[in-house]
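For reference, the structure discussed in these notes is given below.
All values reported here derive from a predicted model rather than from experimental measurement. Reckoned from all heavy atoms, side chains included, excluding hydrogens, waters and symmetry mates. Numbers for residues simply follow the sequence, beginning at 1.
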Amino acid sequence: MSISLRHGMTIPLPGPLHTHRDRLEELADVGYTDVWTSETDSADGFTPLALAAAWEPRLRLGTAIIPAYTRSPAVLAQTVAAMSDAAPGRFAIGIGSSSQIIVERWNGVPFERPYQRVRDVVRFLKDALNGEKVATSYDSFSIDGFRLGIRPEQPPTILIAALREGMLRLAGKEADGTIINWLAPNDVPKVAEIINQFGDDKEIVARIFVCPSENAEVVRRAARYAIAAYLNVPVCAAFHAWLGRSAQLQPMWSHWQAGDRQAALAAIPDEVVDALIVHGSPAACRARIQQYHDNGVTTSALAILPLDPGLDLHAATLQLAPPPSPANG
């Protein structure tokens with residue numbers, strides 16, 4: 001592998017954003033190389049990174065992900081250019097289709113032709129960041145005469161969030177890599193095989209959901225709610241069918257479609273929970289995270305889930321820190 005392994009943490013961390021400077025410095029001190037955001041119903045995907053850009057120059061900054069629909073193309077290009085200008089060589093923009101709930105129901109934007117929209121946003125960003133005056137009719141929108149007023153010293157890394165083969169191939173062909181989530185370590189080779197067809201310099205970022213607690217039954221009980229919410233979305237269900245989990249998940253899908261939510265939760269096997277959620281002692285969690293890297297993930301972006309009410313989230317970030325190595329200090 002020609003790309004260095006990286007170890008990231010999802011931000012924002014608990015507490016008001018204005019209090020996070022020391023926490024970001026601490027993440028870098030203990031060996032994290034990256035911080036990653038998402039954008040759903042809490043902080044937007046860029047403000048926490050802008051703060052981190054100013055406060056902690058040792059950290060690379062990334063979005064995992066920004067929906068391709070919820071900002072106009074020109075505004076998105078301005079934001080990406082500004083972030084790249086603020087943190088030259090340290091910014092990665094992850095773009096994805098997101099979901100119908102976030103895009104259409106929460107933002108009032110039609111969730112149409114997601115493959116084309118993601119592809120066209122990536123193509124437009126490349127055109128705009130090259131300094132060109134863009135006057136192009138892409139398949140899903142048209143731009144007439146836009147030129148960025150700033151040109152970053154170094155272009156950002158561009159990543160595409162992907163589930164199945166079509167979007168993975170798009171990521172390999174037109175971006176610098178992909179962002180994946182909600183999969184087990186032994187699922188990674190199937191994804192990596194597709195991406196790596198386009199070169200061994202492609203980045204594979206995995207958001208990994210972690211709860212470092214040995215209170216297994218409490219963790220599994222809470223995790224079932226998160227798993228059911230995700231794996232009953234049609235595109236996500238299709239992803240896990242593609243990964244080979246249809247037999248394990250069909251009882252849950254059937255109960256969910258029949259409207260019996262409690263039966264659906266009860267039908268999620270422990271084996272599925274344990275495959276998709278990293279839990280156990282901090283040492284066991286670190287070993288499990290390493291399995292993702294061993295199977296092809298180049299950048300881990302940990303997301304700590306408070307599935308155990310007794311979990312100390314601050315302590316958990318320190319307990320999950322990567323082991324010292326030449327790559328991370």
> Does Arg261 make a cation-pi contact with Trp256 (under 6.0 Å, within 45 degrees of the axis)?
Replying inline: yes
Flag the pair [X] / [Y] as yes when at least one side-chain heavy-atom distance between them is below 4.5 Å, and no otherwise.
X	Y	result
Ile204	Ile195	yes
Leu276	Tyr230	no
Thr157	Ile93	no
Ser38	Ile65	no
Val35	Leu61	yes
Asp34	His7	no
Asn107	Ile102	yes
Thr136	Arg123	no

> Can you check salt bridge (Lys or Arg N to Asp or Glu O under 4.0 Å) on Glu39 and Arg71, steps first, answer last?
Replying inline: CA-CA 12 Å; Glu39 191 167 270; Arg71 289 173 179 78; 2.7 Å; yes
Has the side chain of [X] got a donor or acceptor atom that lies under 3.5 Å from a matching backbone atom of [Y]?
X	Y	value
Arg224	Ile268	yes
Arg90	Ala53	yes
Lys133	Gly145	no

Just verifying a value: how many Å separate [X] [atom1] and [Y] [atom2], rounded to the nearest 0.5 Å?
X	Y	atom1	atom2	value
Thr317	Leu302	OG1	CG	10.0 Å
Trp36	Met9	CH2	CE	14.0 Å
Thr178	Leu168	OG1	CG	5.0 Å
Ile208	Gln291	CD1	CD	10.5 Å

>> Run Asp308 and His279 through side chain to side chain donor-acceptor pair (under 3.5 Å) and show every step you take.
In response: CA-CA 10 Å; Asp308 180 349; His279 63 100; over 6 Å; no
Side chains of [Y] and [X]: any donor to acceptor distance under 3.5 Å?
X	Y	result
His240	Gln248	no
Tyr138	Asp127	yes
Gln197	Arg169	yes

So if you build clusters from Ile, Leu, Val, Met, Phe, Trp, Tyr with side-chain heavy-atom gaps below 4.5 Å, do [X] and [Y] land together?
X	Y	value
Ile101	Trp253	no
Leu231	Leu183	yes
Val272	Val219	yes

> After noting the C-alpha distance and the side-chain angles of Arg117 and Glu112, does the key distance pass the salt bridge (Lys or Arg N to Asp or Glu O under 4.0 Å) rule?
Replying inline: CA-CA 8 Å; Arg117 178 71 182 198; Glu112 299 172 347; over 6 Å; no
> Hey, mind stepping through Phe209 and Thr10 against side chain to side chain contact (heavy atoms under 4.5 Å, CB included) and telling me if it holds?
Replying inline: CA-CA 10 Å; Phe209 298 101; Thr10 297; over 6 Å; no
>> For Arg58 and Asp29: C-alpha separation, side-chain torsions, deciding distance, then whether salt bridge (Lys or Arg N to Asp or Glu O under 4.0 Å) applies.
In response: CA-CA 9 Å; Arg58 292 173 291 177; Asp29 287 341; 2.8 Å; yes
> How are the rings of Phe111 and Tyr69 set to each other: parallel, tilted or perpendicular (split at 30° and 60°)?
Replying inline: tilted
>> Is the ring pair Phe146/Phe124 parallel, tilted or perpendicular, if the boundaries are 30 and 60 degrees?
In response: tilted
>> Glu203 vs Arg60, test: salt bridge (Lys or Arg N to Asp or Glu O under 4.0 Å). Steps then yes/no.
In response: CA-CA 14 Å; Glu203 185 168 7; Arg60 188 175 70 146; 2.5 Å; yes
> Is it true that atom CD of Glu193 has more than 12 heavy atoms of other residues, nucleotides or ligands lying nearer than 6.0 Å?
Replying inline: no
